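Computed from a predicted structure; not experimentally measured. Keep in mind that the numbers below use all heavy atoms, side chains included, and drop hydrogens, waters and symmetry copies.
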Amino acid sequence: MRIRSVYQRLYKTYGPQQWWPADSRFEIMVGAVLTQNTAWVNVERAIANLKQASALSTEAILDSSHEQLAEWIRPSGYFNIKASRLRNFCQWYQQQGQYDRLKRLKTALLRQRLLMVNGVGPETADDIILYAFARKVFVIDAYTKRIFSRLGLSDPSAGYESLRAQFEKALSKESVKTFNEYHALIVVHGKDVCKVKPRCEQCCLARVCQRVGLD
DNA sequence: ACCCAGGGTCATA
DNA sequence: TATGACCATGGG
């Protein structure tokens, strides 16, 4: 499996990323929702607003009005829809008994429950499961699809679940720490190897291969 | 001015 | 099942 050798190369080149950047598990979960299709620096501003208002908790978020919540998270974009999603998530989190209760669930069941929340899709759920619950799920994002498809290691038309299964099989003997670092390395340095989305297949492929050390 | 960022939902075919 | 529209801010 070359999925493992790509990891070795990335880790050796860039070192540990120490993810997820947050002060608490709840902050990770909030960040996972707010970062949907959004630059992280904007999420940081939104989270800073919540902290300054002492609103980074399920209670404060559930007690606030839609307008107030939307105003706090405005810098992260899509603020109306994300205000609803955050509220949905907090309702669910409260109802499920928060971390201490949820941590008892097996990974597959935890994932299934997370996906029931309107506003939490596969990637957001897996961010939460991996970084807040420290379970071995591999988060598939746009860079992962792009890079591995250009390396010829995955089918370009492969869906989320299929890719996830492929990675999790290849990394089944690895630790949670490896899952953690691998996704972080792809997100932080993925744009390094392939800056633009468009199709400079040749140059992108060449750069990816060079960085990652495959022929 | 244009493109994109640590996506997801819903309607349509 | 697979696209497309939509959400919306901020940096390059």
Worksheet item: Less than 4.5 Å apart, any side-chain heavy atom of H66(A) and any of N80(A)?
Response: yes
Discussion item. Side chains of L163(A) and F138(A), heavy atoms from C-beta outward: is any pair under 4.5 Å?
Written reply: no
How many Å lie between [atom1] on [X] and [atom2] on [N], as a whole number?
{"X": "Y160(A)", "N": "dT1(C)", "atom1": "OH", "atom2": "P", "result": "19 Å"}
{"X": "Q36(A)", "N": "dG8(B)", "atom1": "CD", "atom2": "C1'", "result": "6 Å"}
{"X": "L86(A)", "N": "dG7(B)", "atom1": "CG", "atom2": "P", "result": "15 Å"}
{"X": "E181(A)", "N": "dG6(B)", "atom1": "CD", "atom2": "C1'", "result": "15 Å"}
{"X": "L34(A)", "N": "dA5(B)", "atom1": "CG", "atom2": "P", "result": "18 Å"}
{"X": "L114(A)", "N": "dG7(B)", "atom1": "CG", "atom2": "C1'", "result": "15 Å"}
{"X": "K145(A)", "N": "dG6(B)", "atom1": "NZ", "atom2": "P", "result": "15 Å"}
{"X": "N88(A)", "N": "dT9(B)", "atom1": "CG", "atom2": "C1'", "result": "12 Å"}

Fill in: Span that lies between the P atom of dC10(B) and that of dA8(C), in whole angstrom
15 Å
Item to complete: For dG6(B) and dA5(C), measure between their P atoms and round to the nearest Å.
Response: 24 Å
Worksheet, complete the sentence: Counting primed atoms, P, OP1 and OP2 as sugar-phosphate and everything else as base, the B/S/- map of nucleotides 7-12 of chain C against protein heavy atoms under 4.0 Å is BBBSS-
Worksheet item: Which atom pair, heavy atoms only, marks the closest approach of F179(A) to V137(A)?
Response: CD2-O, 3.4 Å
Worksheet item: With both distances kept under 3.5 Å, what pairs with dA1(B), Watson-Crick or G-U wobble?
Response: none
Practice prompt. Nearest 0.5 Å please: distance from the OG1 atom of T13(A) over to the CG atom of L185(A).
Written response: 9.0 Å
Discussion item. Let me spell it out: for each of V120(A) and V187(A), pick the nucleotide of DNA chain B with the closest heavy atom. Which residue's pick is nearer the 5' end?
Written reply: V187(A)
Discussion item. Which is more 5' along DNA chain B, the nucleotide nearest H183(A) or the one nearest V117(A)? Just name the residue.
Written reply: H183(A)
Item to complete: Could you tell me whether N118(A) contacts a base, only the sugar-phosphate backbone, or nothing, with contacts defined as non-hydrogen atoms closer than 4.0 Å?
Response: sugar-phosphate
Worksheet entry | Proximity of Y93(A) and Y99(A) rings by center, below 6.0 Å | no
Practice prompt. Please determine if R111(A) and E161(A) form a salt bridge, counting it only when a charged side-chain N lies under 4.0 Å from a carboxylate O.
Written response: yes
Discussion item. So does S76(A) get a backbone contact from the side chain of K82(A), meaning a donor-acceptor N/O pair under 3.5 Å?
Written reply: yes
